[in-house]
*Asks:* 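One structure is given below, represented as structure tokens, and several questions about it will come after.
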Amino acid sequence: MGTYLGEPPPDDVVVEALRAGDETVFAQLLDLWTPGMLRLARSYLSTRDSAEEVVQDTWLAVIGNIDGFQRRSSVKTWVYRILINTAKKRQARESRTIPWSSAFNGDQPEGAATDPSRFRRGTDLRSGGWKELPALWPTPEGEALAAEARDRLATALAGLPPRQRTVITLRDVEGHTSEEVCEILEISAANQRVLLHRARASVRGVMEDYFEAASRSI
Amino acid sequence: MKRFSCDEAVELTTAYLENALGPTARSRFESHLAACEGCERHLRQIKTTIGLLGGLTVEQSGQAGQSEQAEQHGPLGPHGAFPPDGDRLPTDMRARLLKAFRERRTSAEPRTPL
Ligand SMILES: [Zn+2]
């Protein structure tokens, strides 16, 4: 607590500081990045304990390999790649979880990301148009709404297929760029976009249901 | 020039936001949105969703600062999947990592290059 000290210094400074053994900088990165790393590890592993160990092993690998870091990517991308690789290995060892590669197939169903029944079918000009416009959402103002909406968001994320959850968490929760996510997960830009699109469409759908139910209850 | 229908337009939302549409598709998408309230709302809601998702970490960091509150909620916290306590390593694990970092420094010192 009191350890969330905002943005880390620029990469060059970070690398030099870590190599020189600057514990303050290490502790800052540890506290700043661990929450996101834990969330990501949880999308690969079923238990909190496993996720914590994966994050721990990642930091140990960072400590052991910082001298060999090549600066071909940002430090954060490098750390996240170690995390993903560590998580994948761990996942393969834990038999009850689905391997990443086979989870991938079920992750990308064919067809539209937005429910096709929302649109008109037919041969006239209105075909493909909204049957009913999406209802307007309230502007989230009150604290109560914010807390509830957050709750719903977290549930929506948890319900996503693993790869979609990983991509949307990295992009929209953690704020990585699409280039970084492609690099971290070793996927193509098109693949990243498809996963992100499906994930966003699902989460928007959950929030739509939530706001609709909320407006009916007023 | 062929118009996008709404069901086609919504599937291009992410590509549009990622700047991945070619110039023609982009301008068709934009002219559809200018004329279609449903798709305009849809895009705005996708943006709101992204904003809400981005708020998850910001609010959590804020909460982590309010240690008393965070601690009161216990290990599961009030927010289910993203509890305030759920985003930190156990204290002893954090301490072990800091120790490992210190020891790396000591063990590295004798190998200072010439
Ligand atoms: Zn439309």
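Chain letters run A, B, ... following the sequence lines, proteins first and then strands; every chain starts at 1.
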*Asks:* Taking side chain as everything from C-beta outward and backbone as N, CA, C, O, which of these in A:Ile66 sits under 4.5 Å from a heavy atom of chain B? Side chain, backbone, both or neither.
*Replies:*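 Only the side chain of A:Ile66 comes within 4.5 Å of chain B.
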*Asks:* Among A:Val203, A:Leu196, A:Leu153, which has the most heavy-atom pairs under 4.5 Å with chain B?
*Replies:*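 Most heavy-atom pairs under 4.5 Å with chain B: A:Leu153.
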*Asks:* In terms of heavy-atom pairs under 4.5 Å, which option from A:Ala113, A:Ala201, A:Pro116 contacts chain B the most?
*Replies:*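 Looking at each of A:Ala113, A:Ala201, A:Pro116 in turn, A:Ala113 comes out on top.
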*Asks:* Is B:Cys39 in contact with chain A via its backbone, its side chain, both, or neither, using a 4.5 Å heavy-atom distance?
*Replies:* both
*Asks:* Against chain B, label A:Leu60 side chain, backbone, both or neither, depending on which of its atoms sit under 4.5 Å from a heavy atom there.
*Replies:* both
*Asks:* Can you confirm whether more than 12 heavy atoms, excluding those of A:Lys131, are under 6.0 Å from its NZ atom?
*Replies:*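 Atom NZ in A:Lys131 is packed in, count exceeds 12.
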*Asks:* For A:Ile168, which atoms come within 4.5 Å of any heavy atom of chain B: side chain, backbone, both, or neither?
*Replies:* side chain
*Asks:* Do the ring planes of A:His176 and A:Tyr80 sit parallel (below 30°), tilted (30 to 60°) or perpendicular (above 60°)?
*Replies:*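 Correct class here is perpendicular.
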*Asks:* If you draw the axis of the six-membered ring of A:Tyr210, does the NZ or CZ of A:Arg152 fall within 45° of it and under 6.0 Å from the ring centre?
*Replies:* no
*Asks:* With chain B as the partner, which of A:Leu136, A:Val55, A:Thr34 has the greatest number of non-hydrogen pairs under 4.5 Å?
*Replies:*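 Sorted descending by pairs with chain B, the first entry is A:Leu136.
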*Asks:* Say whether, by atom type as modelled, one donor and one acceptor occur between the side chain of A:Glu23 and the main chain of B:Arg102 under 3.5 angstrom.
*Replies:*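 Absent.
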*Asks:* Given a strict heavy-atom distance threshold of 4.5 Å, which part of A:Arg118 is in contact with chain B: side chain, backbone, both, or neither?
*Replies:* neither
*Asks:* Closest heavy-atom contact between A:Glu208 and A:Ala135?
*Replies:*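 A:Glu208 and A:Ala135 have their closest heavy atoms at OE2-N, 4.4 Å.
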*Asks:* Sequence neighbours left out, what passes side chain to side chain contact (heavy atoms under 4.5 Å, CB included) with B:Ala20? Give chain and number order.
*Replies:*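 Here the qualifying residues are A:Arg193, B:Ala15, B:Glu18.
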